[in-house]
Amino acid sequence: MLIAACFGTFLEWYDFLTFGALAVTFGPLFFPSNDPSSSLLASLATFGVGMIVRPIGAAFFGSMGDRIGRKPVFMITISIMGIATLLVGFLPTYAQIGILAPILLVSLRILQGFSAGGEIGGGAIFLAEHAGEKNRGFKTSFLQLMGPFGILASTLQITLLQGWLSAEEFQAWGWRIPFFVSFLLLLLALYFRRTLEETPVFQELQTSSPKTEGQLLNNFKDPEILKKMFLLFFCVSGGGAVLFFCSQVYLPIFLKTTVKLPVELVDQLSVLSTLFLATTIIFAGWLSDQVGRKPVITCGLFLGAALILPAFWMMQAIGSHLPLSRQDINIIGCIMFGLSFILGLLGGPQAAILAELFPAKSRNSAATFPHNLAAGWIGGMLPFIVAWVNQEFNGSLVGLWYPVMFLCFSSIISYFYIQETNISYGLLDGK
């Protein structure tokens, strides 16, 4: 069950984040411009479009999950994601069909975002409802590995392709291969997901109340649920999204384009830091079972607010005197490890607290909507906003004040208002 649930989520992240890993490549192919910065901005904006529509997918599929069950929604979302991703691999470029190329790319990206809205968050609910009462944080933390593993798989694949192919070959056709590979992964994911059973919580809910219905609108009428949705949006999901996109999506782009480190070096360091992130997530999930979800999450938010800007400044300062020495590379690697550790503190307990905050009948919609709204509107647009602010104010670090201020706000709210949810209880009624 764990493998089946996680593999599908891995595919969603692999498909979704391969686009981000190829943002630099997509710029000249689909958004040609005499200004490389403008081309990159257009590519990052397209990446962000997929994130913006995630809340729409979350509202639609979250309500459906409350009404017809968690498993059917899983099958639908992964099919949409897989087909949309495969079609990206077949797209002609701007040089071949002109303005229609970026229009088609954006359209497929919207489909990816719509699908991801139902999957990411819904997967956490599904696994948490199967996990039982004991060590829920540790068990559900394995689902949080799928984001890093999705990045790892796409980064490794792109690194190997760039090593095997010349720059011209990769730009001409090599970039399409990761999207074709996703189709094989889709077939595997569909096979695994057919074996999944509906969660015992939803089955019990159907037994006690057979006429289940979508609860999204009712959630906004309930003051207690609305308060928890607000806290989830700004603290757990919003803070986690900011840290994720800063350290896993924007950081490699920053090192390649602003610091101008060798692409191969950045990809190698990214792989190592992602592997470290995986161990940190499991540790943080276990730790949240021992000391509580709140202190682990709040600590991650405070550390992120305090250290993101100094970390990026130090990496830029080191990269200003190329070529790098072995010591310089080690320092940059340690900084990337540090950012991964901070992200892990948010990622480890996240799946458990998503489920623990809300009662079963409204859990899917109450958790997935604010979670995807935060990931889409706060996190997904972060690379574009940071790059745009940097360009407007002619500075390489000024845009980072946006995530820093958001994390400051999130950490304060978390410290004063989030209540501990790590209590031994079943998930039928929630807390």
Got a donor-acceptor contact below 3.5 angstrom from the [X] side chain to the [Y] backbone?
| X | Y | value |
| --- | --- | --- |
| Lys260 | Thr257 | yes |
| Ser414 | Ser411 | no |
| Ser141 | Phe138 | yes |
| Ser115 | Leu111 | no |

Would you call the rings of [X] and [Y] parallel, tilted or perpendicular, where under 30° means parallel and over 60° means perpendicular?
| X | Y | value |
| --- | --- | --- |
| Phe230 | Phe234 | tilted |
| Phe26 | Phe30 | perpendicular |
| Phe302 | Tyr415 | perpendicular |

Subject >> With sequence neighbours excluded, residues passing side-chain contact (heavy atoms from CB on, under 4.5 Å) with Tyr191 >> reply: none
Subject >> Partners passing side-chain contact (heavy atoms from CB on, under 4.5 Å) against Phe341 (at least two apart in sequence or in another chain) >> reply: Phe276, Thr280, Leu345
Taking all non-hydrogen atoms of both residues into account, name the closest pair between [X] and [Y] and its distance.
| X | Y | result |
| --- | --- | --- |
| Leu186 | Gly82 | CD2-CA, 3.8 Å |
| Gly304 | Ile342 | N-CG2, 3.7 Å |
| Arg54 | Ala375 | NH2-CB, 3.3 Å |
| Pro295 | Val291 | CG-O, 3.4 Å |
| Ala366 | Leu232 | O-CD2, 4.3 Å |
| Pro55 | Trp377 | CG-NE1, 3.8 Å |

Say you draw a straight line from [atom1] of [X] to [atom2] of [Y]; how long is it, rounded to the nearest 0.5 Å?
| X | Y | atom1 | atom2 | answer |
| --- | --- | --- | --- | --- |
| Ile318 | Ile331 | CD1 | CD1 | 4.5 Å |
| Ser247 | Leu277 | OG | CG | 7.0 Å |
| Gln316 | Leu397 | CD | CG | 4.5 Å |
| Leu382 | Phe406 | CG | CZ | 10.0 Å |
| Ile297 | Leu301 | CD1 | CG | 7.5 Å |
| Leu108 | Leu91 | CG | CG | 5.5 Å |

Do [X] and [Y] make a side-chain contact, defined as non-hydrogen atoms from C-beta onward lying under 4.5 Å apart?
| X | Y | answer |
| --- | --- | --- |
| Arg293 | Val236 | no |
| Leu269 | Leu265 | yes |
| Phe393 | Trp401 | no |
| Leu190 | Ser79 | yes |
| Cys246 | Leu339 | no |
| Leu400 | Trp313 | no |
| Pro359 | Ile225 | yes |
| Thr159 | Glu264 | no |

**OP:** Would you please say whether a donor-acceptor pair under 3.5 Å links the side chains of Thr85 and Gln112?
**Re:** yes
Subject >> Pair Ser325-Asp328, side-chain donor/acceptor within less than 3.5 Å >> reply: yes
Subject >> Heavy atoms from other residues, nucleotides or ligands near CD of Gln419 exceed 12 (cutoff 6.0 Å) >> reply: no
Original post:
Would you find more than 12 non-hydrogen atoms of other residues, nucleotides or ligands less than 6.0 Å from Met314 atom CE?
Top reply: no
**OP:** Quick one: which residue pairs count as a side chain to side chain donor-acceptor pair (under 3.5 Å) with a foot in residues 329-350, not counting sequence neighbours?
**Re:** Gln144-Gln350
**OP:** Taking the six-membered ring for Trp and the single ring otherwise, decide whether the centroids of Phe61 and Phe114 are under 6.0 Å apart.
**Re:** yes
Subject >> side-chain contact (heavy atoms from CB on, under 4.5 Å) assessment of Gln157 paired with Leu161 >> reply: CA-CA 6 Å; Gln157 187 175 190; Leu161 287 170; 4.2 Å; yes
**OP:** Start with the C-alpha distance between Phe369 and Phe220, add both sets of side-chain angles, then the distance that settles side-chain contact (heavy atoms from CB on, under 4.5 Å), and finish with yes or no.
**Re:** CA-CA 11 Å; Phe369 181 72; Phe220 287 95; 3.7 Å; yes
Original post:
Between Phe183 and Leu187, does a side-chain contact (heavy atoms from CB on, under 4.5 Å) hold up when you go through it step by step?
Top reply: CA-CA 6 Å; Phe183 183 70; Leu187 296 179; 4.0 Å; yes
Original post:
Can Leu346 and Phe244 be said to form a side-chain contact (heavy atoms from CB on, under 4.5 Å), step by step?
Top reply: CA-CA 9 Å; Leu346 268 292; Phe244 179 83; over 6 Å; no
